[in-house]
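Atoms considered below: every heavy atom in the structure, side chains included; atoms not considered: hydrogens, waters and symmetry mates.
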Amino acid sequence: EKKEKKEREERRKREIERLAAERQQRKKEEEEQRRLRELQEAAERRQREKEEEQRRVREEQEEEERMMRRAKEIQEERRRMEKEAEEERVRIRETGGEDDE
């Protein structure tokens, strides 16, 4: 009787220890999963930020290129107008100020 009671007590004690160890292991695994998830999320966030920065830089470069093209167009237009004005001055000088139209 005493021996059986002691064995039951031992089995119960071992079962409690086993359950506690399982619970501890589960908690450890859950914590590892949580950390892995956080690392993954952080990596994804950094990737999105990097892509956003690349997009922003690309847009700035495109805007700069548009501005440079526009400046070049304005400069070419100015040169063309100056050339036309010079041709007009030459024509007026050659015709003595007379308009043949």
Side-chain angles (χ1 to χ4, degrees):
E1 181 82 20
K2 274 188 172 181
K3 189 176 178 187
E4 279 181 27
K5 186 178 180 184
K6 189 173 181 184
E7 284 176 6
R8 274 197 310 273
E9 213 35 58
E10 282 295 315
R11 277 196 304 271
R12 189 175 153 283
K13 185 179 169 186
R14 283 195 304 273
E15 182 66 13
I16 288 170
E17 289 171 354
R18 185 185 65 79
L19 291 172
E22 283 178 7
R23 187 172 56 245
Q24 191 66 28
Q25 182 63 27
R26 215 172 24 253
K27 282 175 71 174
K28 183 179 172 187
E29 289 170 0
E30 288 170 359
E31 180 63 21
E32 286 175 5
Q33 286 298 317
R34 185 188 63 76
R35 281 201 312 272
L36 286 173
R37 207 169 33 250
E38 287 175 356
L39 287 171
Q40 181 67 27
E41 289 168 0
E44 290 169 359
R45 190 170 46 252
R46 282 192 303 275
Q47 181 65 26
R48 281 192 306 272
E49 290 169 357
K50 181 180 171 187
E51 289 169 358
E52 177 64 23
E53 176 65 13
Q54 289 172 339
R55 184 192 60 75
R56 190 185 60 72
V57 166
R58 192 170 50 249
E59 287 176 354
E60 286 177 3
Q61 288 172 339
E62 289 169 359
E63 178 65 19
E64 203 171 297
E65 288 169 8
R66 277 192 297 275
M67 290 170 64
M68 294 288 279
R69 281 193 303 272
R70 183 64 187 133
K72 189 175 178 182
E73 290 170 2
I74 290 169
Q75 194 175 34
E76 288 171 356
E77 178 70 11
R78 194 179 76 236
R79 283 193 193 120
R80 187 185 61 75
M81 290 171 72
E82 287 171 357
K83 184 179 176 190
E84 287 176 1
E86 180 60 28
E87 289 170 354
E88 183 66 16
R89 283 193 292 276
V90 167
R91 189 185 65 74
I92 290 171
R93 231 184 356 260
E94 287 174 352
T95 60
E98 296 172 13
D99 229 346
D100 54 352
E101 285 181 32

Quick check on side chain to side chain contact (heavy atoms under 4.5 Å, CB included): which of Glu86, Glu87, Arg79 does Lys83 satisfy it with? Glu87
Using only heavy-atom distances, determine whether the side chains of Gln25 and Glu29 contain a donor-acceptor pair under 3.5 Å. yes
How far does CD1 of Ile74 sit from CZ of Arg78, to the nearest 0.5 angstrom? 9.5 Å
Under a 4.0 Å threshold between the charged nitrogen and the carboxylate oxygen, would Glu9 count as salt-bridged to Lys5? no
Answer yes or no: is there an ion pair linking Glu38 with Arg34, defined by an N-O contact shorter than 4.0 Å? yes
Could you give the distance from CD (Glu62) to CD (Glu60), rounded to the nearest 0.5 Å? 11.0 Å
Should Arg18 and Glu22 count as an ion pair when the cut-off is N to O under 4.0 Å? yes
Given side-chain hydrogen bond (donor to acceptor under 3.5 Å, both in side chains), test Glu65 with Gln61 step by step and report yes or no. CA-CA 6 Å; Glu65 288 169 8; Gln61 288 172 339; over 6 Å; no
Would you call Arg80-Glu77 a salt bridge at under 4.0 Å N-O? yes
If I take atom CD from residue Glu4 and atom CZ from residue Arg11, how far apart are they, to the nearest 0.5 angstrom? 8.5 Å
Are any of the side-chain heavy atoms of Glu84 and Glu88 separated by less than 4.5 Å? no
Looking at CE of Met68 and CD of Gln75, how far apart are the two atoms once the value is rounded to the nearest 0.5 Å? 10.0 Å
To the nearest 0.5 Å, what is the distance between CE (Met67) and CZ (Arg70)? 11.5 Å
Yes or no on side-chain hydrogen bond (donor to acceptor under 3.5 Å, both in side chains) for Gln40 and Glu44, after CA distance, side-chain angles and deciding distance? CA-CA 6 Å; Gln40 181 67 27; Glu44 290 169 359; 3.0 Å; yes
Neighbour count above 12 (heavy atom, 6.0 Å) for Arg12 CZ: no
Verdict with supporting geometry, Lys3 and Glu7, side chain to side chain contact (heavy atoms under 4.5 Å, CB included): CA-CA 6 Å; Lys3 189 176 178 187; Glu7 284 176 6; 3.7 Å; yes
Pairing of Glu53 and Arg56 as salt bridge, 4.0 angstrom limit: yes
Under a 4.0 Å threshold between the charged nitrogen and the carboxylate oxygen, would Glu59 count as salt-bridged to Arg55? yes
Under 4.0 Å between a side-chain nitrogen and a carboxylate oxygen: does that hold for Lys27 and Glu31? no
CD of Glu52 to CD of Gln54, rounded to nearest 0.5 Å, is 10.5 Å
